[in-house]
Engineer: 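Got a structure here, written out as structure tokens. Questions coming.
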2 protein chains.
Amino acid sequence: MGCLQPPEDDVARPTAESSDAQAAPRDLPTLTREQTHNKFSRDIEPRLRVPSGTTVRFETEEATDGQLTPDSTAEDLLTVDFDRVHPLTGPVFVEGAEPGDVLKVTLERVEAGGWGWNGILPGFSYLADEFTEPYLRTYEFDPDDPDVRFLDGVRVPLRPFPGVIAVAPDTSERLNTIPPRANGGNMDDKDLTEGAIVYLPVFVPGALFSIGDGHAAQGDGEVCGTAIEIPMTVEAKLEVIKGGRSIKEPQYEHAGYYAVTAFGTDLDQAGRKATRYMLDYLVEDRGLDRTEAYALASVAADLKIAEVVDLPHMLVTMKIPKDIFVRE
Amino acid sequence: MGCLQPPEDDVARPTAESSDAQAAPRDLPTLTREQTHNKFSRDIEPRLRVPSGTTVRFETEEATDGQLTPDSTAEDLLTVDFDRVHPLTGPVFVEGAEPGDVLKVTLERVEAGGWGWNGILPGFSYLADEFTEPYLRTYEFDPDDPDVRFLDGVRVPLRPFPGVIAVAPDTSERLNTIPPRANGGNMDDKDLTEGAIVYLPVFVPGALFSIGDGHAAQGDGEVCGTAIEIPMTVEAKLEVIKGGRSIKEPQYEHAGYYAVTAFGTDLDQAGRKATRYMLDYLVEDRGLDRTEAYALASVAADLKIAEVVDLPHMLVTMKIPKDIFVRE
């Protein structure tokens, strides 16, 4: 019974590189936006092999793999080839990772590319019965502006994060990347921004880590089916944790919270699983009795909807502030 | 097409009375914790009649109406008479309120009583299949401590709010108070703390406002079925809004957000309704085209689980930061 959680002073914070755009880029092993795949399978050949503890730079393409551009219009949405959706940069083989281990992914730097799009694809949104026409807007970002002018009179803060963070599942099937699963994938949890530490269960040797589907801004739920979809650059440190607590689906910590995620075919199924994962954390990592853990989750942990549109799976996250745990 | 939303400078802030416990209490019309009812019906006689704009002090009992005390044990939970659950202080007849109006309720002061309890009632929680034994702990609050020592080594901040905020439904039936409905009721939305402005649709003449079910701390979801359940004192300003936007279920603003609530027999039904209510707000109060409103909700509004245990109804809230709306 180990502990997934690093000491408090080990939590990732934005590095000098990330907070100062003028700093020289770090010399990191890099995968470009040409080095992608768009299905999940254990049989996809790794693009890179690194020792545990390596920080890798991932340049990622927006969700349609270049089928949309800053000049696209709503009509162009109707001809998007969904089979190309979610080009994911990777996979990376992390040496030493074996099934049953945990891959710790620290998002050291997350940077939006220069443009993005937001749209409604008929049939692909939470209120698909009401919104049956395609809608698209594209945005060019001003590097000196922390917001995007989303509509006349509406400014939305940029808070970029990767919609997809994944390891390979233990299957030779080629799974499409729309629904999130136990291997992570299209979690679309907007709190996975720079500084987050993500824990992924490892299912295959080398973990086979991939990332992509940048979002410049998203609300919990992602109700219209898309965020502001962007190309992005992520620098992520990849570490293998051995002998720690076993996890069934991704978990993470960020902004003072510990969080567990769970997918389900509806929010209720996902919510119940997330609650049980939170109790596992409170029992195994915090030493609580399971009944007391349940009581504590009720008064201090938040069930949060991450996404409701990546069917057949919705994602619910449960998070708890870490500063409630004190030494007395 | 009216506007529910008051000008920014009209937003409630804690009053001198609330931030300084030594200040003399205001001379307000007051209902005590003996002046309660525990069913919803248009036929319950008002305890008080006030003009619109009156602030009323409500002293409220904890959820079991005194069946539990600081000395209670888990065994006592098994003999709780559920028919007495949710003693609600009120109702108050607000002069001029008519069906179709909106009752604006400003929570000017919300103060926890001196003790609370948290427990698990067999059969009444999100993971009822796993937790089949009664559990109870009681807590005495230290007026100089902003937290409660919830367990050894675990301190939970006190953030009191009323679990039930309601007007009367338009029925002569006597509805039980466990599930939230269009008249509000047991919403258990932890963000309805001091300073919140709640908008309730009016269904009967006088609105017949009631409040109770104090919670000292609760997570989103309230998964074990209870919060830290407390007696409390609430000072609430009751105002009738005429000719404004029509609302079907409670909405509120707080902490810079505008929020809409929706109940449903599952989270998906509630979530879809909440999304539609948010679009109504963005169209009618903010002047957006409905498709643009949907796109904006996707990138900037958060679907939030409020509670999953007040069956047969769960509650989902959708909230959006108000500061994204700028004049350009």
Engineer: Among A:I228, A:T275, A:V309, which residue forms the greatest number of heavy-atom pairs with chain B at distances under 4.5 Å?
Structural biologist: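 Max contact count across the listed options: A:T275.
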Engineer: For chain B, which of A:K190, A:E292, A:M314 has the most heavy-atom pairs under 4.5 Å?
Structural biologist: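 Of the options given, most contacts go to A:E292.
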Engineer: Restricting to non-hydrogen atoms, name the atom on A:D268 and the atom on B:Y126 that form the minimum distance, rounded to 0.1 Å.
Structural biologist: O-OH, 3.2 Å
Engineer: Using 0.5 Å steps for rounding, measure from the CD atom of A:Q218 to the CG atom of B:D302.
Structural biologist: 9.0 Å
Engineer: Looking at B:A295, B:A300, B:A227, which one has more heavy-atom pairs under 4.5 Å with chain A than the rest?
Structural biologist: B:A295
Engineer: Side chain from CB out, backbone as N, CA, C, O: work out which of these in A:A297 comes under 4.5 Å of a heavy atom of chain B, or both, or neither.
Structural biologist: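 It is both, since atoms from each part get that close.
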Engineer: If I take atom CG from residue B:L279 and atom CD from residue A:E130, how far apart are they, to the nearest 0.5 angstrom?
Structural biologist: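 Those atoms lie 6.5 Å apart.
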Engineer: Please report the C-alpha distance between B:M318 and A:V223 in whole Å, then the side-chain angles of each, then the deciding distance to 0.1 Å, and finally whether the side chain to side chain contact (heavy atoms under 4.5 Å, CB included) criterion is met.
Structural biologist: CA-CA 11 Å; B:M318 194 173 208; A:V223 291; 3.9 Å; yes
Engineer: Looking at B:A217, B:A216, B:A306, B:G221, which one has more heavy-atom pairs under 4.5 Å with chain A than the rest?
Structural biologist: B:A217
Engineer: If you take all heavy atoms of B:S298 and A:C224, which pair is closest and at what distance?
Structural biologist: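 Closest approach of B:S298 to A:C224: OG-N, 3.0 Å.
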Engineer: Roughly how far, to the nearest 0.5 Å, is CG of B:N118 from OH of A:Y294?
Structural biologist: 11.0 Å
Engineer: Could you check if a side-chain atom of B:R290 sits within less than 4.5 angstrom of a side-chain atom of A:F131, using non-hydrogen atoms only?
Structural biologist: yes
Engineer: Using heavy-atom distances under 4.5 Å, tell me whether B:S125 contacts chain A through its side chain, its backbone, both, or neither.
Structural biologist: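 Both backbone and side chain.
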Engineer: Please look at A:P321 and chain B and tell me whether the side chain, the backbone, both or neither of the residue comes under 4.5 angstrom of a heavy atom of that chain.
Structural biologist: neither
Engineer: Over all heavy atoms of both residues, which pair between B:Y135 and A:T291 is shortest? Give the atoms and the distance, please.
Structural biologist: CD1-CG2, 3.6 Å
Engineer: Considering non-hydrogen atoms only, spot the tightest contact between B:L151 and A:L296 and give its length.
Structural biologist: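 Scanning both residues completely, I find the closest heavy atoms to be CD1-CB, 4.5 Å.
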Engineer: Quick one: what part of A:D289 sits under 4.5 Å from any heavy atom of chain B, side chain, backbone, both or neither?
Structural biologist: neither
Engineer: Which region of A:I120, side chain (C-beta onward) or backbone (N, CA, C, O), has a non-hydrogen atom less than 4.5 Å from a non-hydrogen atom of chain B, or is it both or neither?
Structural biologist: side chain
Engineer: Once you round to the nearest 0.5 Å, how far does NZ of B:K304 lie from CG of A:D220?
Structural biologist: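 Nearest 0.5 Å value for the NZ-CG distance: 11.0 Å.
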Engineer: Is A:K319 close to chain B through its backbone or its side chain, or both, or neither, when contacts mean heavy atoms under 4.5 Å?
Structural biologist: neither
Engineer: Who among B:L288, B:L267, B:I320 has the most heavy-atom pairs with chain A under 4.5 Å?
Structural biologist: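 When all of B:L288, B:L267, B:I320 are compared, B:L267 has the most.
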Engineer: Hey, is A:D266 close enough to B:R272 for a salt bridge, meaning N to O under 4.0 Å?
Structural biologist: no
Engineer: Name the member of B:R276, B:E222, B:E133, B:H215 that forms the most heavy-atom pairs with chain A at distances under 4.5 Å.
Structural biologist: B:R276
Engineer: Where do B:L303 and A:I305 come nearest, in terms of heavy atoms and distance?
Structural biologist: O-CB, 3.7 Å
